[in-house]
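Counting starts at 1 for both ligands and their atoms, in listed order.
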Amino acid sequence: MDSQRVNEAGSGMTGSARIRRILILGGTAEARRLSETLADRPDLAVTLSLAGRTAEPAPQGAPVRSGGFGGAEGLARYLREQRIGVLIDATHPYAAVMSANAASAAKMAGVPLLALRRAAWQRQVGDDWREIDTLEAAVKALGEAPRRVFLALGRKELVPFAAAPQHFYLVRSVDPVDPPLAVPQASYITARGPFTEQADRALLENHAIEIVVAKNSGGDATYGKMAAARELRIPVIMLKRPALPEVTSVATVDEVVAWLDHAIAPSVARGV
Ligand SMILES: NC(=O)c1ccc[n+]([C@@H]2O[C@H](COP(=O)([O-])OP(=O)(O)OC[C@H]3O[C@@H](n4cnc5c(N)ncnc54)[C@H](OP(=O)(O)O)[C@@H]3O)[C@@H](O)[C@H]2O)c1
């Protein structure tokens, strides 16, 4: 961890005040909680970055900047210009492009990087999961016969399912799906998690869902549908997690705070 320690040159200190600038790449409940946790710290100036895809993002605990940086080079430039002292990648486990860019940019700008990565859900007794690598494989796995499918996916992941118009699709998303999926039978729900098992069970039952397509997001907020599918003995086609860069990682908000405290502690206080 010492190689990751924030030194004076890369600390992003503002004037004489020893305030470290922290950039959190967000778009997740953990990033929001982390920014809330760090918001009151007088020794930190936290900015939270969102991709800008959601029309009305949930309120965040820190000032927000929104929109892409322009690839890894753009992010590296931002880190230098804003004198960011620590970069925290708290994006969703399927946001693989942003995580790769974060790893490259941190290296280019010489800024310590910590990734906050949720643990994946583990298969429980009674789960009927079929793991696949791509959305196209998920479409294929639905089969030829018409089925009633719950697509627990993001808006940009729906398009491949137009290749299997024989199925009925139930889609739940934060913002409306526009344009809608090019299939004759689809139903749309706009809702923001967390979702309870009870509510998701009712959703699956009310729409007579026969199969779920989902990502292994981990965390509690969207686990309800997995538990409900197990209860109802509904199979799940699970898109495997993408490969992410090998960087220093922790799994919880508390561990980020502990890492930060260690990384920014003055060497004198640490007895070094
Ligand atoms: N993928 C999911 O399943 C999922 C689920 C829930 C929430 N989210 C959140 O939604 C956002 C987009 O996810 P994605 O899967 O579309 O990402 P992605 O494919 O990994 O990223 C595509 C591009 O979007 C921009 N971007 C992504 N996250 C950003 C952030 N936090 N701040 C600024 N720019 C960002 C970057 O543009 P530039 O190259 O121009 O910098 C990036 O190259 C992320 O913040 C993620 O945490 C994703």
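- Residue contacts with ligand 1 for A31 are absent, since no atom lies close enough (heavy atoms, distance under 4.0 Å).
- Heavy-atom proximity to S49, at under 4.0 Å, picks out these atoms of ligand 1: 30 (C), 31 (N), 32 (N), 33 (C).
- Ligand 1 lies within reach of G70, whose nearest heavy atom is under 4.0 Å from it.
- Of the protein's heavy atoms, at least one falls inside 4.0 Å of atom 45 (O) of ligand 1.
- A donor-acceptor pair under 3.5 Å is formed between the side chain of R21 and the backbone N or O of Q82.
- Ligand 1 lies within reach of G71, whose nearest heavy atom is under 4.0 Å from it.
- Side chains of R65 and T47: no donor on one and acceptor on the other come within 3.5 Å.
- In this pair, H207 and F168 present their aromatic rings parallel. The plane angle is below 30°, not in the 30 to 60° band.
- A salt bridge does not link E197 to K225: none of the charged nitrogens lies less than 4.0 Å from a carboxylate oxygen.
- Any N or O atom pair closer than 3.5 Å counts here, and A95 shares at least one such pair with ligand 1.
- F161 pairs by the ring pair (Phe, Tyr, Trp, His ring centres under 6.0 Å) definition with Y169, not counting sequence neighbours.
- Nearest-heavy-atom check against atom 13 (O) of ligand 1 across R65, E30, R53 picks out R53.
- For ligand 1, none of its N or O atoms has an N or O atom of T91 under 3.5 Å away.
- An N or O contact shorter than 3.5 Å is missing between S99 and ligand 1 by distance.
- Each of the atoms 18 (P), 19 (O), 20 (O), 21 (O), 43 (O) of ligand 1 lies under 4.0 Å from some heavy atom of V97.
- Under a 4.0 angstrom heavy-atom cut-off, L75 registers as lying outside contact with ligand 1.
- Note: M108 CE to L75 CG = 8.0 Å, rounded to the nearest 0.5 Å.
- Remark: ligand 1 atoms within the under-4.0 Å shell around heavy atoms of G68 are 34 (N), 37 (O), 38 (P), 40 (O), 41 (O).
- Near G27, meaning under 4.0 Å from any of its heavy atoms, are these atoms of ligand 1: 7 (C), 8 (N), 9 (C), 45 (O), 47 (O).
- Under the ring pair (Phe, Tyr, Trp, His ring centres under 6.0 Å) criterion, F195 pairs with no residue at all, not counting sequence neighbours.
- Donor-acceptor pairing under 3.5 Å is lacking for the side chains of D254 and T252.
- Proximity of G67 to ligand 1 is established by a heavy-atom distance of less than 4.0 Å.
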